[in-house]
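Residue indices begin at 1 and follow the sequence shown. What you are looking at is a predicted structure, and each value in this text was computed from that prediction instead of being measured.
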Amino acid sequence: MYHVLMEISPYVEMTPNQQRVLIDASQAFEAYRQALAAWRRYEGGMTWKTVKGREYLVKVINRRGGTKSLGPRTAENERIFTEFIQGKATAKQRLDAATATLEELSGMCRGVRINRVPSVVTAILRKLDEFGLLEKRLMVIGTHALYGYEASAGVMLSAGLTGTTDVDFLWDARASVNLALLDADVAEAGVLAVLRKVDRSFEQSSRGGFRAVNSHGFFVDLVKQSPSPPWKVEKDRMADSDLTPAWLQQMKWLLASEKFQSVVIGADGEPAPMVAPDPRAFTVHKIWLSQQLDRDPLKKRRDILQAEAAAKIVREKFPHLRFDQEMLRGSPHEVRNLPAVQDLLRKS
């Protein structure tokens, strides 16, 4: 059994009013995401173009200005053009309304003090989500995942557990996304390009490295599961000029765990989607980290505290989740047999 380091609860309950505002903000953000997706279907525009005295309907098909001819002017193409213009206007009205609602609720989030996550992190999460990379290829691991668990549980963890100046993303290299269809910059530089769309000061901390840092000293680390067997040839980065993920062991059970999705609130009050590992997998991973001989002693202590906090949230707020053998399926024997992990099973 691992020692309990916290003598008091690692979190406090949100007040009913705070929970209400969080629920409203989460719902408003989902409505905004849907409105934004609908609006993006009309990006690029549609127009008539005259070629050799004959009019053709032309649609812009990508952000680089590429076009596609839909054929000469006919009654059918006139109907398509009219429906496109009307649909675009409706989508714009819907997006404007959703944006106004979200802005109002963002102010309320600040007012009731549930604006928990560093704004740079929530901005990165929104931008990754915009390009379809957050859930399909990337998820948050490490300390910032705790914000997702606390938001879903309606609690607020102590600042000592969540404070950090970096965020870690785990890259699932098994998933395939055609970056060329998203954006020219993203096709060239992947995650690094997305970071620069949030803050132009983001740069690789070293050539070909796994870490990017901005002018304020905030770090973003990209990691992936090390190849198995070690000589297996795998794609080493998402795009040619992207960060090169650091290889870490024992990431497979995080990748295999069911994604935990929630909405978190940035320090600026703006919501963002959070995708993290199942909190049980997070707990076990933190326990395993705390047992590594080369781990910094101060980090080991924090690992245990974070594992205890996540385990407490699971037991008290997520009764549908259990620490059992099924949850551990796929994890290495060395992880399953750790005394602290066995202690989790006995307590469940």
Keeping the roles fixed (side chain from [X], backbone from [Y]), state whether a donor-acceptor pair exists under 3.5 Å.
X	Y	value
Glu203	Val213	no
Asn115	Ala267	yes
Arg73	Glu78	no

Where do [X] and [Y] come nearest, in terms of heavy atoms and distance?
X	Y	value
Ala340	Ile287	CB-CG2, 3.5 Å
Ala187	Ala239	O-CB, 3.4 Å
Ala246	Phe210	N-CB, 3.4 Å
Arg302	Thr143	NH1-OG1, 3.6 Å
Trp253	His285	CZ2-CA, 3.4 Å
Arg137	Ala173	NH2-O, 4.3 Å

Within a strict 4.5 Å, meaning less than it, do heavy atoms of the [X] and [Y] side chains meet?
X	Y	value
Gln19	Val112	no
Lys197	Asp183	yes
Lys312	Ser9	yes
Glu135	Pro273	no
Leu36	Leu95	yes

Q: Check each of Leu170, Asp166, Leu243, Val167 against Asp221 using the side chain to side chain contact (heavy atoms under 4.5 Å, CB included) test, and report the only one that passes.
A: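 When side chain to side chain contact (heavy atoms under 4.5 Å, CB included) is applied between Asp221 and each of Leu170, Asp166, Leu243, Val167, only Asp166 qualifies.
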If you count heavy atoms of other groups shown closer than 6.0 angstrom to [atom1] of [X], is the number above 12?
X	atom1	result
Arg322	CZ	no
Arg113	CZ	no
Glu30	CD	yes
Lys259	NZ	yes
Arg200	CZ	no

Q.
Does either side chain, that of Glu270 or that of Ser106, offer a donor lying less than 3.5 Å from an acceptor on the other one?
A.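 No, because no side-chain N or O of Glu270 sits under 3.5 Å from a partner of the opposite role on Ser106.
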Q) For residues Thr15 and Asn17, is any side-chain donor paired with an opposing acceptor at under 3.5 Å? A)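 No.
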Q: To the nearest 0.5 Å, tell me how far Gln342 CD sits from Lys347 NZ.
A: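 Result: 13.0 Å between the selected atoms.
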Q. What distance do Leu289 atom CG and Gln291 atom CD have between them, rounded to the nearest 0.5 Å?
A.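 Going from CG on Leu289 over to CD on Gln291, the span is 10.0 Å.
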(Q) With a 4.5 Å cut-off on side-chain heavy-atom distances among I, L, V, M, F, W and Y, is there a chain of contacts connecting Phe131 to Leu192? (A)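 Linked, Phe131 and Leu192 end up in one cluster.
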Q. Is the centre of the Phe318 ring less than 6.0 Å from the centre of the Phe260 ring?
A.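 They qualify: ring centres under 6.0 Å apart.
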Q: Determine the interplanar angle of the Phe282 and Tyr149 rings, folded into 0 to 90°, and report it as parallel if under 30°, tilted if 30 to 60°, perpendicular if over 60°.
A: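 Ring orientation of Phe282 relative to Tyr149: perpendicular.
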Q: Measure from NZ or CZ of Arg116 to the centre of the six-membered ring of Tyr147, then state whether that distance is under 6.0 Å and the direction lies within 45° of the axis.
A: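 Negative - Arg116 is either too far from the ring of Tyr147 or too far off its axis.
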